[in-house]
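Step one of this worksheet: look at the structure below.
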Amino acid sequence: MTSLADALPPEIAAQVHPDWRTNEAGYRSVRDNLFKSHFGQWICFADGTVVVSCSRPVVVLRDARKTARHP
């Protein structure tokens, strides 16, 4: 499956950090299980695990930035 970043204009896609692409692939491989374990929540996924989860997307976005990862 292609990355969401591949749909961006090439000059923008080139700026996407490689870790983001790795985390995206990892997320896709466990997505079905995450739907079961985090139903109704927004998540931040990085390095093979959920690092932030909440029912409020703005909280997840804020806290995801604090992780200094590329979720």
Side-chain angles (χ1 to χ4, degrees):
M1 184 171 274
T2 61
S3 172
L4 292 174
D6 294 335
L8 297 170
E11 63 276 9
I12 303 298
Q15 297 177 41
V16 174
H17 195 284
D19 288 351
W20 189 91
R21 291 176 183 268
T22 300
N23 288 330
E24 179 188 32
Y27 163 77
R28 287 177 186 239
S29 71
V30 297
R31 185 174 77 171
D32 290 341
N33 290 332
L34 293 175
F35 282 140
K36 296 172 189 170
S37 62
H38 291 82
F39 183 79
Q41 295 191 336
W42 292 82
I43 67 162
C44 167
F45 186 88
D47 303 324
T49 188
V50 173
V51 293
V52 179
S53 65
C54 185
S55 61
R56 296 179 53 211
V58 70
V59 172
V60 172
L61 289 171
R62 181 196 66 208
D63 292 351
R65 288 185 56 105
K66 293 177 185 177
T67 69
R69 296 175 176 178
H70 300 275

Please list, one pair per line, the donor and acceptor atoms closer than 3.5 Å that link side chains of residues 51-63 to other protein atoms, with sequence neighbours excluded.
residue: Ser53; atom: OG; partner: Gln41; partner atom: OE1; Å: 3.3

Going by side chain to side chain contact (heavy atoms under 4.5 Å, CB included), name the residues that satisfy it together with Pro9, two or more places apart in sequence or in a different chain. Glu11, Ile12
Within the supplied structure, the quantity of interest is the number of heavy atoms (other residues, nucleotides, ligands) at a distance under 6.0 Å from Trp20 CH2; does it exceed 12?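 Count over threshold, so yes.
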Are Val16 and Leu4 linked, directly or through other ILVMFWY residues, by side chains that come within less than 4.5 angstrom of each other?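 Same hydrophobic cluster.
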Flag yes if Phe45 and Phe35 sit in one hydrophobic cluster, no otherwise; membership is Ile, Leu, Val, Met, Phe, Trp, Tyr, and two members link when side-chain heavy atoms are under 4.5 Å apart.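 The answer is yes; both residues are in one hydrophobic cluster.
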Quick one: pull up NE2 in His38 and CZ in Arg31 and give me the separation to the nearest 0.5 Å. 15.5 Å
To the nearest 0.5 Å, tell me how far Arg65 CZ sits from Cys44 SG. 12.0 Å
Can you name the salt bridge (charged side-chain N to carboxylate O under 4.0 Å, His left out) partners of Arg21, sequence neighbours left out?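 For Arg21 the salt bridge (charged side-chain N to carboxylate O under 4.0 Å, His left out) partners, ignoring immediate neighbours, are Asp6.
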